[in-house]
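Because the structure is a prediction, the values reported are computed rather than measured.
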Amino acid sequence: MESKVEKKRAFLINFAFLALILGLIYCFFRYLFWATAPFLLSFFFAVLMQKPLRWLDRKTKNKCHTLWSVLLVLLSISIILLPLIFIFAEIVSQIINFVGYLGEQLSDLPQFMETLQSEILKFLSFLPESIYESVSDKIITAISGIVNDFDFSKLGLNIGTITSSVTGMFSVFKNVPSAVIGIVVGIVAWIFFTKDYSKIVKFIRLQLPDGKKNLLVEIKQVFSNTIFKMMRAYGLIMFITFCELFIGLSVLNFIGIMNNSYIFIIAIAIAVFDILPVAGSGGILIPWAVISLVTGDFGRAVGIIVIYAVITVIRQYIEPKIVGTSLGVNPILTLAGLYFGLKLFGFMGMFIVPILLMTVKAFNDTGRIHLWKNLED
């Protein structure tokens with residue numbers, strides 16, 4: 001009897017501890033993440049700087065440690081961050097123009113709905129007359145309701161409003177003093193973290209209990225051996241998918257099947273969508289091909305299907321070789337992480353929660369925590 005009571009008590013204590021940890025994680029990402037982001041990113045970049053910094057220290061016998069730290073940070077900013085800023089600005093500009101382009105395309109939606117209605121009714125003509133009349137009436141009513149309820153006359157105004165809003169937000173974002181302060185603070189913190197990395201890690205380890213001294217090393221190993229490698233692998237897959245889309249759509253443009261000036265943005269959007277669990281590039285390419293087919297643009301429909309087939313075949317071939325043994329969580333849990341991350345923390349939550357799930361799984365696999373039993377156990 002006493003054993004059962006002890007088990008229940010242990011369960012309640014563990015449950016309360018887990019709830020406390022989850023609550024602290026939620027509060028941190030909900031209220032403190034953006035305030036601490038400059039320091040978190042700076043420390044992450046400082047970790048990446050340690051290998052080249054140690055190499056330089058060995059070559060100069062630790063005589064120029066501070067100088068090398070500053071130069072490495074400034075060199076990283078000039079080589080990596082500055083081009084990324086310009087690329088980001090260009091992408092935002094392209095997105096603004098693309099929104100207007102979508103508005104022009106959607107203005108033809110009533111005609112598309114009429115064509116779609118005609119094609120569906122033509123396809124269902126094999127049905128018995130009584131059934132056909134009933135089904136066709138419902139289809140006509142549904143499509144007419146969609147067309148009548150959607151005020152296409154205001155579409156240009158809405159798109160214009162959206163475009164101007166995005167433009168205004170971007171202009172404000174560029175001039176927000178707090179953002180500039182955050183960048184400056186982040187760069188200064190990056191230099192200090194890089195220079196004093198060993199001291200900082202040693203100080204943190206001194207504060208940990210004796211049984212947890214190796215916790216920082218294990219966390220670093222988890223990120224370097226699992227999460228970072230997986231993110232790098234899927235980043236490479238995303239880049240390959242982007243190249244396939246960009247080349248394929250450019251070929252369609254070149255031979256006259258398509259006439260689109262936003263291939264770069266479309267390729268980026270589909271490549272990002274392709275990396276999401278369950279969704280894949282087919283979630284965009286297949287509906288696009290169907291719409292092209294319904295509107296009579298058979299060449300574009302065939303071209304898009306060919307691009308999708310090439311992406312799928314290459315993805316099936318390269319993914320096992322690049323990723324290797326799967327280190328991620330179940331696609332259902334990843335999808336749930338994306339959804340709850342979006343609901344709890346907004347857009348950034350779609351990336352934060354899946355990474356947290358991968359971290360928890362990695363610690364569970366290494367035996368640091370025991371939340372569930374694996375199938376191999």
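- The environment of CZ in Phe192 is sparse: at most 12 heavy-atom neighbours from other residues, nucleotides or ligands sit within 6.0 Å.
- The line from CG of Asp196 to CD1 of Ile191 is 11.5 Å long, rounded to the nearest 0.5 Å.
- Distance check: Leu53 CG to Asn62 CG gives 9.0 Å after rounding to the nearest 0.5 Å.
- At a threshold of 4.5 Å between non-hydrogen side-chain atoms, the residues Ile266 and Trp288 count as touching.
- Under a hydrophobic clustering in which Ile, Leu, Val, Met, Phe, Trp and Tyr are joined whenever their side-chain heavy atoms come within less than 4.5 Å, directly or via other members, Ile305 and Met258 fall into different clusters.
- Side-chain atoms of Thr36 and Phe28, non-hydrogen and from C-beta on, do get closer than 4.5 Å to each other.
- Taken to the nearest 0.5 Å, the CZ atom of Phe43 stands 14.0 Å off from the CH2 atom of Trp190.
- Listed here is the closest heavy atom pair of Ser42 and Gly186: OG-O, 2.6 Å.
- For the atom pair Leu285 CG and Ile307 CD1, the distance stands at 7.0 Å (nearest 0.5 Å).
- Two residues are said to be in side-chain contact when any heavy atoms from C-beta on lie closer than 4.5 Å; Ser281 and Phe273 fail this criterion.
- Taking each heavy atom of Ala271 and Thr241 in turn, the nearest pair found is CA-CG2, 4.2 Å.
- Leu67 and Val73 fall within the same hydrophobic cluster, defined by Ile, Leu, Val, Met, Phe, Trp and Tyr side-chain heavy atoms under 4.5 Å apart, directly or through other members.
- Of the possible polar contacts, none joining the Ser292 side chain to the Arg300 backbone as a donor-acceptor pair under 3.5 Å is found.
- Following chains of ILVMFWY side-chain contacts shorter than 4.5 Å, one can reach Phe254 starting from Leu245, so the two form part of one hydrophobic cluster.
- For the atom pair OH of Tyr197 and NZ of Lys202, the computed distance is 14.5 Å after rounding to the nearest 0.5 Å.
- For the pair Thr60 and Leu56, the tightest heavy-atom approach, listed with the atom from each and the gap, is OG1-O, 2.8 Å.
- Contact annotation: the side chain of Ser69 never approaches that of Met49 to less than 4.5 Å [non-hydrogen atoms, C-beta and beyond].
- The aromatic rings of Phe39 and Phe193 stand perpendicular to each other, their planes meeting at an angle above 60°, with 30° marking the opposite boundary.
- Pairing each heavy atom of Ile257 with each of Gly299, the nearest pair is CG2-C, 3.4 Å.
- Side-chain contact between Lys63 and Asp57 is absent, with no heavy atoms from C-beta onward closer than 4.5 Å.
- Residues Leu72 and Leu41 share a single hydrophobic cluster, defined by chaining ILVMFWY side chains whose heavy atoms lie under 4.5 Å apart.
- Looking only at distances, a side-chain donor or acceptor of His65 sits under 3.5 Å from a matching main-chain atom of Lys195.
- A single hydrophobic cluster is seen to contain both Leu252 and Phe264, as judged by linkage of ILVMFWY side chains at heavy-atom distances under 4.5 Å, directly or through other members.
- If you take CD1 on Ile270 and CZ on Phe242, they are separated by 11.0 Å, rounding to the nearest 0.5 Å.
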Start with the C-alpha gap between Leu293 and Val302, add the side-chain angles, then the distance that decides, and say whether side-chain contact (heavy atoms from CB on, under 4.5 Å) holds. CA-CA 8 Å; Leu293 193 63; Val302 172; over 6 Å; no
